[in-house]
Amino acid sequence: MKKVMITIENSMMIDGDKPEVTEIITEGKFEATENGCTMSYELDPENGEPNPESHTEMILDGNSFNFVRSGIYGADFLVEPGIRNQTLYRMPFGNMTVGVLGKELTSDIGEEKGRITAKYDIDFNAAWAARYVMEISYRTI
């Protein structure tokens, strides 16, 4: 595995409003695989500080992208264009079931740098909630 600097920009749009954008920049690890790559980092989603109890792994495998986070804010969602997957999102005050409808997945993966873009809709109890665009880029350090 290589050490990389990972940048994640997540845009959320509700009802055509101006997107709400969050950005995370952190050190992590990258490994190329036969059909894509695996990246991981350890960062507390509440305060943005390094935290080994909050491990996030992002797996690009062909035309699917899996985002898995352990810890108090746990998630395991799969983005596959044209497919709606359900996942359990864990938070300190309880769990909820979330639907993830994949819209588009693009990637440009290299040994030194790369980018993954996942577009998807989120629903709660089959009621549309928001449209997301997650752009992940990395570069070796």
Side-chain angles (χ1 to χ4, degrees), residues 1-14 16-141:
M1 288 202 137
K2 292 184 176 184
K3 285 182 72 173
V4 292
M5 187 61 67
I6 300 171
T7 302
I8 301 171
E9 186 176 286
N10 207 14
S11 300
M12 177 182 73
M13 292 177 285
I14 300 174
D17 290 341
K18 184 178 176 181
E20 181 180 314
V21 180
T22 57
E23 184 178 62
I24 297 169
I25 301 173
T26 187
E27 285 187 24
K29 295 179 182 176
F30 168 86
E31 182 175 24
T33 61
E34 186 175 325
N35 294 319
C37 67
T38 299
M39 284 182 274
S40 62
Y41 63 91
E42 296 176 344
L43 200 64
D44 191 318
E46 273 192 343
N47 61 24
E49 295 294 322
N51 182 348
E53 293 180 13
S54 182
H55 179 80
T56 301
E57 190 164 276
M58 300 173 290
I59 304 158
L60 176 67
D61 186 15
N63 205 29
S64 70
F65 176 73
N66 199 7
F67 181 92
V68 182
R69 178 185 296 138
S70 61
I72 195 164
Y73 289 92
D76 181 354
F77 69 85
L78 181 62
V79 176
E80 297 175 292
I83 298 173
R84 180 181 177 272
N85 293 291
Q86 282 191 299
T87 187
L88 187 66
Y89 192 76
R90 297 174 303 280
M91 293 171 285
F93 51 84
N95 300 334
M96 68 177 144
T97 302
V98 177
V100 179
L101 174 61
K103 295 293 194 175
E104 185 179 332
L105 181 63
T106 59
S107 62
D108 181 14
I109 303 300
E111 286 292 325
E112 302 300 317
K113 65 180 182 173
R115 175 178 296 274
I116 300 168
T117 302
K119 297 180 181 180
Y120 54 96
D121 288 353
I122 293 287
D123 67 73
F124 301 109
N125 296 324
W128 184 85
R131 173 156 293 130
Y132 284 84
V133 177
M134 180 184 289
E135 294 184 328
I136 303 151
S137 60
Y138 66 91
R139 62 175 171 77
T140 56
I141 49 176

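Index from 1, following the sequence. Predicted model, so just to flag it, every value in this text is computed and none were measured.
Taking every heavy atom of both residues into account, Ser11 and Val21 meet most closely at OG-CG2, 3.6 Å. Of all non-hydrogen atoms in Leu101 and Arg84, the two that sit nearest each other are CD1-N, 3.9 Å. For the pair Asn85 and Glu80, the tightest heavy-atom approach, listed with the atom from each and the gap, is ND2-OE1, 3.2 Å. For Ile6 against Gly28, the heavy-atom pair with the smallest separation is CD1-CA, 3.9 Å.
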ask   = Going through the distances and angles, do Glu57 and His55 end up as a side chain to side chain contact (heavy atoms under 4.5 Å, CB included)?
value = CA-CA 7 Å; Glu57 190 164 276; His55 179 80; 4.0 Å; yes
Verdict with supporting geometry, Val98 and Met96, side chain to side chain contact (heavy atoms under 4.5 Å, CB included) = CA-CA 6 Å; Val98 177; Met96 68 177 144; 4.0 Å; yes
key: Trace of the side chain to side chain contact (heavy atoms under 4.5 Å, CB included) decision for Val100 with Ile122   = CA-CA 5 Å; Val100 179; Ile122 293 287; 3.9 Å; yes
task = Test side chain to side chain contact (heavy atoms under 4.5 Å, CB included) on Asn66 and Asp61 and set out the steps.
result = CA-CA 8 Å; Asn66 199 7; Asp61 186 15; over 6 Å; no
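Atom-to-atom distance recorded for Met134:CE and Ile24:CD1 is 8.0 Å, nearest 0.5 angstrom. Met1 contributes atom CE, which lies 6.0 Å from atom OG1 of Thr38 (distance to the nearest 0.5 angstrom). Going from atom NZ of Lys29 over to atom SG of Cys37 covers 15.5 Å, rounded to the nearest 0.5 Å. A distance of 14.5 Å separates CZ in Phe30 from CZ in Arg139, rounded to the nearest 0.5 Å. Here Thr26 contributes atom OG1 and Ile8 contributes atom CD1; the two are 8.5 Å apart, rounded to the nearest 0.5 Å. Taken from CD1 in Ile59 to OG1 in Thr33, the straight-line distance is 9.0 Å, to the nearest 0.5 Å.
When atom types are taken as modelled, the side chain of Thr87 and the backbone of Asp76 share a donor-acceptor pair closer than 3.5 angstrom.
Taking Phe67 as the reference, Phe77 meet the ring-ring contact (aromatic ring centres under 6.0 Å, His included) condition, with sequence neighbours excluded. With sequence neighbours excluded, no residue satisfies salt bridge (Lys or Arg N to Asp or Glu O under 4.0 Å) with Arg90. For Lys3, the side-chain contact (heavy atoms from CB on, under 4.5 Å) partners two or more places apart in sequence, or in a different chain, are Glu27, Ile141. For Phe65, there are no ring-ring contact (aromatic ring centres under 6.0 Å, His included) partners, not counting sequence neighbours.
In this structure the side chain of Tyr73 never reaches within 4.5 angstrom of the side chain of Ser54, judged on heavy atoms. A heavy-atom distance below 4.5 Å is not found between the side chains of Leu43 and Thr56. In this structure the side chain of Leu88 reaches within 4.5 angstrom of the side chain of Thr97, judged on heavy atoms.
For residues 124-135, the set of pairs meeting the side-chain hydrogen bond (donor to acceptor under 3.5 Å, both in side chains) definition, not counting sequence neighbours, comprises Asp121-Trp128, Asp121-Arg131.
Counted within 6.0 Å of CD on Glu53, heavy atoms from surrounding residues, nucleotides or ligands total 12 or fewer; the atom is thus considered open.
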Expected list for residues 102-120: side-chain donor-acceptor pairs under 3.5 angstrom, two or more places apart:
| from | atom 1 | to | atom 2 | distance (Å) |
| --- | --- | --- | --- | --- |
| Glu111 | OE1 | Lys2 | NZ | 3.2 |
| Glu112 | OE1 | Thr140 | OG1 | 2.7 |
| Glu112 | OE2 | Lys2 | NZ | 3.4 |

